[in-house]
Chemist: 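One structure coming up, written as structure tokens, with questions to follow.
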Amino acid sequence: MSFDKLIAKVAQAEDALEANERRVAADLRQLRQSWRSSWTPTRIMVAGVVTGFLVGRAEPLRSAARGGSVVRIVSLLSGLFASTTASQAASEAEQAADSASDVAAAAAPAAGSATAHAAAATAASERIAHERLLRHAAAARQTNAEPVD
């Protein structure tokens, strides 16, 4: 296929795309207009009555919320999620520190003393980061272990 035919084919595809875009825009304008015209005052009043009925039926949920049981459950679930997340972060940090020390140990004999020194520094920084994560996880567990009143 020649280059001119390819250019003509691309131009034809662009024209078809523009025609489809115009058709979609016209359809959206028609939908918007029909949506607005369908909301007559009677329909608005019926929707208000139905919404009021549904809100009135939700009264048992309001009384449960006043008792604080819903708030207590949400608080307990958030504490559980926080402690789980903290323990996962601690285990991931521990695995990262172990793999970093393994890499440092494997690289130390093969490389010179400068590389060994850099690997040891990296392992030390990984250990410090791991200990910091463990402290944060312990603090999160203590915060979430407090009783909820």
Side-chain angles (χ1 to χ4, degrees), residues 6-7 9-39 43-149:
L6 287 174
I7 290 176
K9 195 171 188 178
V10 168
Q12 182 184 9
E14 287 175 348
D15 292 340
L17 179 66
E18 287 179 19
N20 284 335
E21 286 175 347
R22 286 188 206 109
R23 189 176 313 120
V24 167
D27 290 345
L28 285 175
R29 279 192 302 272
Q30 178 64 32
L31 175 66
R32 189 179 306 124
Q33 182 183 11
S34 64
W35 176 260
R36 288 181 182 162
S37 65
S38 68
W39 280 101
R43 289 183 181 170
I44 292 171
M45 288 178 59
V46 168
V49 168
V50 169
T51 304
F53 176 75
L54 293 175
V55 169
R57 295 286 294 171
E59 183 65 34
L61 293 176
R62 271 194 234 132
S63 64
R66 272 188 234 127
S69 62
V70 174
V71 174
R72 193 171 296 143
I73 289 172
V74 169
S75 175
L76 289 173
L77 290 177
S78 67
L80 176 67
F81 177 72
S83 65
T84 304
T85 305
S87 66
Q88 286 176 350
S91 67
E92 288 174 8
E94 185 177 353
Q95 291 173 357
D98 290 342
S99 65
S101 63
D102 291 344
V103 168
S113 64
T115 307
H117 181 66
T122 303
S125 65
E126 288 290 332
R127 249 183 276 116
I128 291 170
H130 174 65
E131 291 169 1
R132 182 176 178 211
L133 279 174
L134 288 177
R135 284 194 306 271
H136 284 291
R141 284 189 204 106
Q142 284 180 344
T143 302
N144 294 323
E146 294 176 359
V148 177
D149 291 330

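Residues take their numbers from the sequence shown, with the count starting at 1. A quick note: this is a predicted structure, and the numbers were derived from the prediction, not measured. Side chains included, hydrogens not; waters and symmetry mates left out as well; all remaining heavy atoms used.
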Chemist: Using a 3.5 Å cut-off and no angle test, enumerate the donor-acceptor pairs between side-chain atoms of residues 27-34 and protein atoms at least two apart in sequence or in another chain.
Modeler:
| unit_1 | atom_1 | unit_2 | atom_2 | d |
| --- | --- | --- | --- | --- |
| Ser34 | OG | Gln30 | O | 3.2 |
| Ser34 | OG | Leu31 | O | 3.0 |

Chemist: In chain order, what residues pass the side-chain contact (heavy atoms from CB on, under 4.5 Å) check against Ile128, with sequence neighbours excluded?
Modeler: none
Chemist: According to side chain to side chain donor-acceptor pair (under 3.5 Å), who are the partners of Asn20, at least two apart in sequence or on a separate chain?
Modeler: Arg23
Chemist: Nearest 0.5 Å please: distance from the OG1 atom of Thr122 over to the CZ atom of Arg127.
Modeler: 10.5 Å
Chemist: Once you round to the nearest 0.5 Å, how far does CD of Glu14 lie from CG of Leu17?
Modeler: 8.0 Å
Chemist: According to salt bridge (charged side-chain N to carboxylate O under 4.0 Å, His left out), who are the partners of Arg22, at least two apart in sequence or on a separate chain?
Modeler: Glu18
Chemist: Among residues at least two apart in sequence or on other chains, which ones pass salt bridge (charged side-chain N to carboxylate O under 4.0 Å, His left out) with Glu21?
Modeler: none
Chemist: Under the side-chain contact (heavy atoms from CB on, under 4.5 Å) test, which residues partner Trp35, sequence neighbours left out?
Modeler: Trp39
